[in-house]
Structure formats: structure tokens, C-alpha cells
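None of these values were measured; they are calculated from a predicted model. Here is the naming used below: chain letters follow the sequence lines, and residue numbers restart at 1 for every chain.
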Amino acid sequence: MKRAHIHLRDALEKALRELGIDAPTVTLERPRDPAHGDIATNAALVNAKPLKLAPRVLADKLHGSLALDASLVSCEGVAGPGFINFRFANDYLQSLVALTICEPGTFGRTGDLSGRRVLIEFVSANPTGPLNVVSARAAAVGDSLTRIFRELGAQCDAEFYVNDAGNQVELLGQSVLARYLTLLGQEKEIPEGGYYGEYIADFAKELAAEHGDSFVTAESNSAAALLGRKAMERHIEMHRKSLEHFRVSMSNWYRESALRENEAEWQAFRELERRGTIFEQDGAKFVRTSDFGDQQDWVVVTSQGKPTYFLPDIAYHWDKFRRGYDHIIDILGPDHHSYLTKMAAAMAALGEEPKRLEIMLLQHINLLRDGEPVKMSKRAGQIVEMDELVDEVGVDAARYFFLLRRTSTPLDFDIELAKRQSDDNPVFYVQYAHARIASIFRRGQLEVPIMAEHLELLTHEEELILIRRLREISDVMLDCAVSRDPHALTAWLREVAAQFHRFYHHCRVLTSPAELQTARLCLCRATQIALQRGLALCGVHAPQEM
RNA sequence: ACCCCCGUAGCUCAGUGGAUAGAGCACCGGCCUCCGGAGCCGGGAGCAUGGGUUCGAGUCCCGUCGGGGGUGCCA
């Protein structure tokens, strides 16, 4: 898909070598202004100094000595301080349409990240209640990133870390037990730090209906432990269903309880101890993270001899390192901001390369209704559930909206806008373009083209601009992968849709002469494939009609 | 006090160290004998601030001001 770039880079390197540069580095960039062509290079500016030439002079020399294949790119000349500009040949652009419709599966594929192993952990909500809208944003971003990495050829796993061990199981159990006993006429308080959500009471009602008073007679602590595990499994199942409905599929559900069964947290502790990074103070065991770049040291074992949450987390991340991933990405909420230096320091203390761990802080979301802040929850305003939002606006709009902003920016999510069936709704604007193409085929009672014919007739400016847009998907995907942020994809989709509408307005399809009609139908088909691909990476459907 | 994120058009936001900083919304004006007007065409203004790095800074570094978030022997 990128042969014009490869050809051009080879030609520039060859020309520079002939001028006496031993190891030329050539960077190709896309000019901001389309009038400057499709590709620009600053090769003359960068290499002018060692050759003791003025940049413009070197640019002219290069310009004169380049051997370019005119069916791919041509040189537009030297501009500005010494940029050399190039333009794609129409032949090349037309060949991209042919490739797209003949082999749709290859569209946008470059294999840029093939062989790379990536792990993305996201959502990882505590199984003590339903998923909220913050998890929903994480789910949308994490899943789209996973899809993008895979599309680029990386082997990418999506992982949910289930905190199904430790203190909270017990607290959850006691909360359920309290609700349950209250239902059966015994006064019982929810413990300090327990869970008050209505879903706890719902669960208690089900227990009472199903099992009567059989948990009343049991010894209180063991009943709480049992109910805690039951409630937790129920929440994990709810999370799984919510995510599945949201079109998110995890490669692994990694359970903390499994980790603890192997005593992995103690293995990690002994390794830290062996490396001399553990010290004791006031009866508690600290890891000396301050030796590895953190601001402070952290407790890993309390004076009661129990591990803090940090120790199993260390063990978990250590396990990720030992599973051999090149990039270990955590998507966390903004409140986990101390986690990066902390965990990176812990990994360094274990002798791992901390740079392999990347922690992305996903900013929070503000729900709005026609511009006014809302609390959506039916449950006393405590939490805003993911399922409520998705039920109201639909999976397509929810997923797309979550990708509209950079992850480092808080997101205003306007529920009414997401539901609106009009062109100011960005997801509708893009889906409409796809449906409109489908309707052209329906209206003309035409088969969707699978063969490229008469593409040399695609010479209208709007046609060529559209093809240029489609071509950009490879660059956009790589940009998303490198920045660990899929938001550029939605911008690209909007551009493709907008350019398709311009093409549609200026270039008649069905009423054109037969050969031109065939060519334009091919372009419509290529656009349709591009929109499908881009929307699929967002986890959004491409409808045939709306 | 310290740490992190963010200050770009009226609003919401894009902008891999490159050329005249871009979109969407909102606002105003055009376009339906025409494949879906859920569309198209046209119209304005802006990099918080002071230094530094260099051929070149919205972008990188330091400071200041302003907004947000974080800093448990909780998870």
C-alpha cells in the first residue's frame, strides 16, 4: 500500500549517497497545505550542513538527480527554505482503488507492527458493583486500540484484571449479609466501608427468595464469606455481559485469586527481599521504591502481616513482564496517577526494564443533556452505570463518542446529541455516508463491483482527493498505535465521509456514461470498504440504510 | 508543599520540530426539473505569559499565572 513512499525514499537515499552522504536519513512528511503536494522531504535542510551547501542549492541538486518512476510519484519542485515536494501519479491513486476492491482484506494493511507483542489491560473494575461510565470509556478506548494494534500486525492481548481477593470480598459479603438479614427481620448494619448500592439489596432479595433463611443459621463470618464470593461471581458475570454487549472481547480475565493461590505475591516479596529493597519500619515492610525513581517508599506488608493491595499488584505486573510482552499498557482512571512511578519503580526493583510498562491515564467524562450536566443514575445518584448509558444512546453512538477526544482530555458526552438523527451528530454523519453508498447500489440495482475497470477515468479533482483520503488510513492507524490513542481514527472517518459527500455532489454516478459510471462505482465501493474498516476499528456498525 | 494533566476561534477540540495554525458546533447567506437536503457551496477570529534551545517552536527545556486531578499500614 505504501510503495510510492518506499520508492521515493530509496531514490532520495541513493541521490544523497552519490553526493557523498554515507548514511542518509530521509524523512517523508505530509505537507499541511495540499497545494504543496502529497509528500514533502526536508532532506536538503538536514543534509546541507555536512555538505557545506546552502539548503536551496542542495535541494536543486537533489531535484535534478532523482530517478523517479512517473507512474508512482513526480517531483513538484523546491519550495520554501529547501523543501522538495512530490505528488502522487494518478496511475498510482487509481491502482489503490483497484487493490482495495479486488482485495478488501488488504486495505490499509502495512504490517508496520508485525512481530510486536502488546498487552493492554483495561476496565479491571472491582467486582463489587456494575460497570460505570468511566469503565465504558476505558472499554471503548482499550478495545479500539487492541483492534488497531492487531490490524497493524501486532500480537495484542486485551486483559481484565479481576480483583476477586482480599478485603473487599469480605466487605462485600458482610454488606450482602446485612441486607439479607434485614429483609428477614433482623436489624443488621452495613459495615464501615461497605457497599450501599441498590444492586446489593437486589441480590439479597434474590437470595431470600431462592434460599429462604438458610444463611441465617450459619455462623456469621462463614456466611459472609460465602455470600461475598457469590456476589462477586455475579458481578464478574455482569461485567462480562456488559462488555460483550458493548462488543468488547477480552483475551484474558486474570484473577487475583488465582495469583494468590500460587502465593505469587509472596514470591514477588521474596525476590524484592533477595534484592535488598525491602526494609522494616514500625513493624511494617516497605519496598524502597524511592531508590528507583519514586517520590516515596510504600508499604507492601502491614504490621499485621497482611499484604497491602500493592503487593499482589506488583506480582501481577511482574507476571506480565515475564510473559514476554514488548509493550505492557495499563489504561487507568485519572485517580491512579501515582501508580505510574510507583509501579515502574517496583518493576525496576525486581530488575525489569521499567520502560516496557506504560500507564495511560484516561480522563473522566462529564455527562450532559442538551449541554446541561446530568446525573443519570436511577440509583440515588451514586453511580452512573454503563448499561444505562448504552441502553439510552446505543452501542454505536456510545463507542464512537468515547473516541472523539484525546484520552488525556476530559470528555463531555452529550446524551441528547448522541441520540440525535442529524448531521451534527458525528456518528450519524459517518454512518450516513456509508448508507448513502449502499443506496446508490440499491437504486441502480447494481451488483457491488469486485473487479476494477476503467479506473483511468477517475481524474476529477474530488475523486482524486477522495482516494488520497482513503490512502491515509495506514498513517492514521500507526499514529493511533504510537500515541496509544484512537481518537485520530474518528477524525479520519469524518474526513472520508465529508469528502465522499463532496464527490457525490460534484460527480454524478448513476447518470454518467457507462464506463465512467463503472469507474465511479468502483470508487464508491472502495470508500464503502474504507468506512467499514474504520468503523469496525471503532467497534461501530456500518449500516446499509438508516 | 510536592506530583501529574490541561491553557489554541464565541463554544468543543485537532495539530509526527517545518511552509500562510485547522475541523466540528453555533451564527449569516446561497443551492432541491439532480443517484438519500441526514447533503453541498460561501462568509470571521486565535497559540495564557516571560525567557531559552536552533536554520526553524503551538510543539522541546526552565520560570510565572490560571483551571482540573492526585498524594493512606484502603482497594
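Between A:R471 and A:D475 there is a salt bridge, with a side-chain nitrogen of the basic residue lying less than 4.0 Å from a carboxylate oxygen of the acidic one. One finds a salt bridge joining A:D164 and A:R255 here, because a Lys/Arg side-chain nitrogen approaches an Asp/Glu carboxylate oxygen to under 4.0 Å. Salt bridge A:R469/A:E472: present, at least one basic N to carboxylate O contact under 4.0 Å. A salt bridge does not link A:E159 with A:K320: none of the charged nitrogens is closer than 4.0 Å to a carboxylate oxygen.
What separates CZ of A:F428 from C1' of B:rG36 is a distance of 14 Å, to the nearest Å. As a whole-Å value, the separation of A:L523 CG from B:rC35 C1' is 14 Å. Atom CD of A:Q363 is separated from atom P of B:rC6 by 8 Å (rounded to the nearest Å). Nucleotide B:rG24 holds its C1' atom 13 Å from the NE2 atom of A:H487, rounded to whole Å. Put simply, CZ on A:R405 is 20 Å from P on B:rG68, counting in whole angstrom units. Between the P atom of B:rG24 and the CG atom of A:L403 lies a distance of 20 Å, rounded to the nearest Å. In this structure, CD of A:E265 is placed 15 Å from C1' of B:rA75, rounded to the nearest angstrom. In this structure, the CD atom of A:Q295 is 11 Å from the P atom of B:rC2, given to the nearest Å.
A distance of about 12 Å separates the P atoms of B:rC41 and B:rC25, rounded to the whole Å. B:rG15 and B:rA23 have their P atoms separated by 15 Å, with the value rounded to a whole Å. If you take atom P in B:rG24 and the same atom in B:rC40, they sit 9 Å apart, rounded to whole Å. When the P atom is compared between B:rC11 and B:rC74, the two are found 46 Å apart, to the nearest whole Å. Distance noted for atom P between B:rA48 and B:rG43: 26 Å (whole Å). Taking atom C1' in both B:rA14 and B:rG22, the straight-line distance is 7 Å, to the nearest Å. A distance of about 15 Å separates the P atoms of B:rG66 and B:rU49, rounded to the whole Å. When the C1' atom is used for both B:rA26 and B:rC13, the distance is 14 Å, rounded to whole Å.
Below the 3.5 angstrom threshold, one finds no donor paired with an acceptor across the side chain of A:N42 and the base of B:rA19. A:Y432 contributes no side-chain N or O that forms a donor-acceptor pair with the base of B:rA38 under 3.5 Å.
Nucleic acid contact for A:P426: none, since no nucleic acid atom lies under 4.0 Å from a heavy atom of the residue. Base contact: A:E29 has a heavy atom under 4.0 Å from a base atom. Among the protein residues, A:A40 comes within range of the nucleic acid bases, having at least one heavy atom under 4.0 Å from a base atom. Residue contacts shown for A:Q296 are limited to sugar-phosphate atoms, with no base heavy atom under 4.0 Å away. Residue contacts for A:A491: at a heavy-atom cut-off of 4.0 Å it reaches no nucleic acid atom on any strand shown. Across all strands shown, A:N85 has heavy atoms under 4.0 Å from base atoms, whether or not it also approaches the sugar-phosphate. The residue A:E280 sits apart from the nucleic acid: no heavy atom pair falls under 4.0 Å. Using a 4.0 Å heavy-atom criterion, one finds that A:S408 contacts the sugar-phosphate atoms exclusively. Among the heavy atoms of the strands, none lies under 4.0 Å from A:R520. A:H337 comes within 4.0 angstrom of a nucleotide base, judged by non-hydrogen atoms across all strands. Heavy atoms of A:C524 sit nowhere under 4.0 angstrom from any nucleic acid atom.
In the displayed structure, A:R30 atom CZ is contacted under 6.0 Å by at most 12 heavy atoms of other residues, nucleotides or ligands. For A:E170, the CD atom sits in a loose shell: 12 or fewer heavy atoms of surrounding residues, nucleotides or ligands are nearer than 6.0 Å.
Two residues, A:R443 and A:E495, neighbour RNA chain B, and the one matched to the more 5' nucleotide by heavy-atom proximity is A:E495. Along RNA chain B, the nucleotide closest to A:A165 and the one closest to A:H506 are compared, and the more 5′ of them pairs with A:H506.
Of all nucleotides listed (B:rC73, B:rG36, B:rA19), B:rG36 comes nearest to the side chain of A:Y504. Side chain of A:D282, nearest nucleotide from B:rC41, B:rC73, B:rG18: B:rC73. Nearest nucleotide to the A:H505 side chain, out of B:rC40, B:rC13, B:rA75: B:rC40. Comparing atom distances between the A:S303 side chain and each of B:rC73, B:rA75, B:rG68 picks out B:rC73 as nearest. Checked against B:rA19, B:rC35, B:rG24, the side chain of A:R494 finds its nearest nucleotide in B:rG24. When each of B:rG24, B:rC35, B:rG36 is scored by its nearest atom to the side-chain atoms of A:S439, the top-ranked nucleotide is B:rG36.
When the side-chain nitrogen and oxygen atoms of A:R436 are compared with OP1 and OP2 of B:rC35, none of them lie within a distance under 4.0 Å. Contact check, A:T302 against B:rC73: no side-chain N or O comes under 4.0 Å of OP1 or OP2. Proximity of A:N167 to the phosphate of B:rC74: no side-chain N or O atom is located under 4.0 Å from OP1 or OP2. The side chain of A:T409 contributes an N or O atom lying less than 4.0 Å from OP1 or OP2 of B:rA14. At the phosphate of B:rC25, neither OP1 nor OP2 sits under 4.0 Å from any side-chain N or O atom of A:Y429. In this structure, A:R406 reaches the B:rG15 phosphate: one of its side-chain N or O atoms is under 4.0 Å from OP1 or OP2.
Evaluation of A:F83 against the base of B:rA19 yields a stacking contact (centre distance < 5.5 Å, interplanar angle < 30°).
An anti orientation is assigned to B:rC27, its glycosidic angle lying beyond 90° of 0.
Cation-pi contact between A:R494 and A:Y429: absent, since separation from the ring centre below 6.0 Å together with deviation from the ring axis within 45° is not met. Under a cutoff of 6.0 Å and an axis angle of 45°, A:K285 and A:F269 do not form a cation-pi pair. A cation-pi contact, defined as under 6.0 Å to the ring centre and within 45° of the axis, is absent between A:R436 and A:F500.
B:rG7 is paired with B:rC65 under the criterion used here, namely a Watson-Crick or G-U wobble arrangement in which both key atom distances are under 3.5 Å. In this structure B:rG22 sits in a base pair with B:rC13, meeting the Watson-Crick or G-U test at under 3.5 Å. Pair assignment for B:rC2: B:rG70, on the basis of Watson-Crick or G-U wobble contacts that are both within less than 3.5 Å.
Looking at every heavy atom in both residues, A:C480 comes nearest to A:I148 through CB-CD1, 3.9 Å.
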